[in-house]
Structures are given as structure tokens and as C-alpha cells.
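Counting begins at 1 with the first residue of the sequence.
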Amino acid sequence: MKRLALFLPSGFFAIASLVVVSSCSSSSVAMPAAGAGRGLQAPSSTAERIEVKEFNDLVRGSSSDIFEPTNLTAGPDGALWVLDNADPDYGESAVVRISTSGRRTHTYFFSGLTRSGGSYLGDITAGPDGALWLTDSYNDEILRLGVRGRYRRFPLGADGTLGGIVSGPDKALWATENFGTDADVVRITTQGAVTSYSTTGNLLDIASGSDGALWFTDFDNGRIGRITTAGKITWYSKGLSSGAKPESIAPGPDGALWFTDEIGRIGRITTHGQITEYSGGITQTERPQDLVAGPDGAMWFTEFDFSYAGDAKIGRITMQGGITEYSKINPVSGPTGIAKGLKGDLWFVETNTNEVGRLRIR
């Protein structure tokens, strides 16, 4: 994923009922896919049933406003690893290990060691070495976290701001780094050797493509970048909407890359650079944030409501561009990062309420 920033055809059935089951640490929402009474069409080819649970077992402080989760990933140990950032005046940011039952099993705090004032953990990915790799945007350093909780720091030393990070096809890690209007795409080996490739823009997320290259988003300049493992960069913007602000990017089941556009669209770019954007079915006040390929051959994405009306949603887009929105989560939760667990469930963080959600397709 990226920095914190987010987003009918046939096959779904209308929601007939909503059942909420509460406990001290979670709530459960079970529903057939698509929304009755919301004007959403239900495809007839699949009888999917969606089950959503929200868990409140992340780090808690003296105030509910101290911690804000921004991202998560499935770890090599089968658990979910969540970035939970703290207001540095009140606490330290942490990486939290969550079991597939939604329970917090370990908390690994990180204070930030190169500047006073804490850290800001931006993105996290599973590395090729069996560890977790993450970006500390505030201190401009890449961190390696072993599954037993030991951090190893790799300061870049350029006083930049790091964005997304991903495991590349060359068994190295690739990240984005910004310096005002200048930027780098950074390659770091698992031993810590860094190579930087200079460009311009405000680079956010980065993903590994089916063509063996890395693909990344430029939020300020409205374009998608491609970099080979040898460092050659190519830019693509034809097909993007006027004023486009691409954020997260992820590989799709069709071999293309899919991305969110903050102006209320989901985009698709082929490995040859052909771009198509889709907006039909997205509520105008929603801003797509992060996205991931689901177990059903579609892309799933989070939507952050910027109207302050409290109407958070999870979206689904088919390979043909059909969009369905689901609003059966806490309406003020502010979902951002989303990832697929090793068992096929989809997991997402709720930034405004400091919780984690799980979406299961029955």
C-alpha cells in the first residue's frame, strides 16, 4: 500500500437482513453480497455471501485519539501485521501482530531513533527473507522486523519521506521516497544495500507487476510509473481523468495493475501502459484508498468518506469494471489499508476508530 490518503455487473444477491453479534472485542455482520434498498444490482451467476467482523484489539492508550492504524499485511507466519501509529506526545507507534481470530498476540513498539518526536510507519510488506519490511516516513528509514519482534534499521540519510514498499521479483525490497518535487525509487537488498533511482513527483504506492517490473503512483502529477529491475523508468498518463490523483496500486488477477484515484475512481493499467478508469457505482463523497485482489477474481477496495457524514464503505470491482459498494461497517471507521490473509480472507484497518476488520466471502 501507500501513505495514508482512498475507493455491478452480474453475480450478487441483495441484502435481505443484517445481523450484529457483539462481544468485548469484536462485532460481526453477516450479509449476502450487494445492497437491497441501495439501488445496487445483484449479479445472477454467483451466490456469494459476505461476512464482516470488526475487532477492537489494537493498542489502546489513555485517549481514543492516540493510535491510528494505517496499513497491514499477511506475514510469513500466517498472522496479520498491522501498523498502529501513535501521537508522539502520548505514545510510541507499534507493529501489532493479529491472529486470524482477530486477537492481538504481540505488540512491538518503535519510537524512532534518528529524530525527536517519534515515528510514522507508512507501509509494510512480507519480505523474501521471512521477515516484515516497513517504511518509517518520519525518519526516512526502512525497517526490518523479524517475526520475533526484533527491529533492524536502515536509515537512508537523505531527509526524504518514504511511501510504499513491496517485495520485488529480484528478491529485493522496493520503496518510494519523496523530496518536495523530486523523488527516488529505492531498491534495498535484504542485507541492506541501497540503490536509488532519481525521478520527479510525489510517489506513493508501489507494486510488483506480472511483467517482472515495479509499478508506482505519482499523486501530484497524475501518472503511473514503471521501473525495471535495472532502473529504467517509463511514465504513463494517457487515459487518466483530468485532475487524477493516483494513490494505491496492486496487481490484479488479470495480469494488469489496478489503482485507486482520489477523485473517486478505480483505474486499470495493462503492462503495456493502456489505462482505463471506472467511476460508475462509487458514491460521490467517497474517496477510494487502498485495494487488493480478492479470492473471487475481483478487486476489493476501501473507501474513506470525505464529506464527514460518516458513511464508510468497502468496494468491489470486477475485471469488467462493475462496481458494488458495501456500507455494513462502522460508518465513522475511516477504512484505509486492505490486504489478503493467507487463508483468503480480506483484512482492513479502520483508521478513525483504531480497529481491524475482516471480510470473508462465503
Donor-acceptor pair, side chain of Glu350 and main chain of Asn330, under 3.5 angstrom: no

With Tyr151 via ring-ring contact (aromatic ring centres under 6.0 Å, His included) - residues at least two apart: Phe110

For the pair Glu277 (side chain) and Ser241 (backbone), establish whether a donor and an acceptor sit closer than 3.5 Å, ignoring hydrogens and angles. yes

Give, for atom CG of Asn71 and atom CD1 of Ile165, the distance between the pair rounded to the nearest 0.5 Å. 11.0 Å

Excluding sequence neighbours, so at least two apart, what forms ring-ring contact (aromatic ring centres under 6.0 Å, His included) with Tyr278? none

I need the Arg316 CZ to Asp296 CG distance, nearest 0.5 Å. 4.5 Å

Pair Ser99, Ser101: side-chain N/O donor-acceptor within cut-off below 3.5 Å: yes

Can you tell me how far CG of Asp136 sits from CG of Leu162, rounded to the nearest 0.5 angstrom? 8.0 Å

Does a side chain donor of either Thr276 or Arg268 reach within less than 3.5 Å of an acceptor in the other side chain? no

Note: Ala312 and Gly334 closest approach over all heavy atoms is CB-N, 4.1 Å

Steps toward side chain to side chain donor-acceptor pair (under 3.5 Å) verdict (Ser333, Glu54): CA-CA 10 Å; Ser333 59; Glu54 294 166 296; 4.7 Å; no

Donor-acceptor under 3.5 Å (Thr176 side chain, Leu204 main chain): yes

Return the CG to CD1 distance between Leu80 and Ile98, rounded to the nearest 0.5 Å. 7.5 Å

Phe216 meets the ring-ring contact (aromatic ring centres under 6.0 Å, His included) criterion, sequence neighbours left out, with Trp235

List, one per line, each side-chain donor-acceptor pair under 3.5 Å for residues 340-348, sequence neighbours excluded.
residue: Asp345; atom: OD1; partner: Arg360; partner atom: NE; Å: 3.1
residue: Asp345; atom: OD2; partner: Arg360; partner atom: NE; Å: 3.2
residue: Asp345; atom: OD2; partner: Arg360; partner atom: NH2; Å: 2.8

Taking only Lys NZ, Arg NE, NH1 and NH2, and the carboxylate oxygens of Asp or Glu, determine whether Asp129 and Arg144 approach each other closer than 4.0 Å. yes

Is a side-chain donor or acceptor of Asn221 paired with a backbone partner of Arg223 at a separation under 3.5 angstrom? no

Find the distance between OG1 (Thr199) and CD1 (Ile227) and round it off to the nearest 0.5 Å. 8.5 Å

Side-chain donor or acceptor of Ser279 paired with backbone N/O of Arg265 under 3.5 Å: no

With distance as the sole test, does Asp140 use its side chain to make a donor-acceptor pair with the main-chain N or O of Asp159 at under 3.5 Å? yes

Is Leu121 close to Val95 at the side-chain level, that is, under 4.5 Å between some pair of heavy atoms? yes

Among side-chain atoms of Thr336 and Asp290, is any donor-acceptor pair under 3.5 angstrom? no

Name all residues meeting the ring-ring contact (aromatic ring centres under 6.0 Å, His included) criterion together with Trp258; count only those two or more places apart in sequence or in a different chain, and write none if there are none. none

Is there a side-chain contact between Glu325 and Thr283 (heavy atoms, below 4.5 Å)? yes

Residue pairs involving residues 169-186 (criterion salt bridge (Lys or Arg N to Asp or Glu O under 4.0 Å); sequence neighbours excluded): Asp170-Arg187

Taking Arg97 for the side chain and Arg148 for the main chain, is one N or O donor matched with an acceptor at less than 3.5 Å? no

Run Leu359 and Ile314 through side-chain contact (heavy atoms from CB on, under 4.5 Å) and show every step you take. CA-CA 9 Å; Leu359 187 151; Ile314 302 295; 4.0 Å; yes

Between the side chain of Thr260 and the main-chain N/O of Ile266, is any donor-acceptor distance below 3.5 Å? no

Value for CG (Asp305) from OG1 (Thr285), rounded to nearest 0.5 Å, stands at 4.5 Å

Do Thr135 side-chain atoms and Gly163 backbone N/O form a donor-acceptor pair below 3.5 Å? yes

Under 3.5 Å, is there a donor-acceptor pair between the side chain of Asp205 and the main chain of Glu247? no

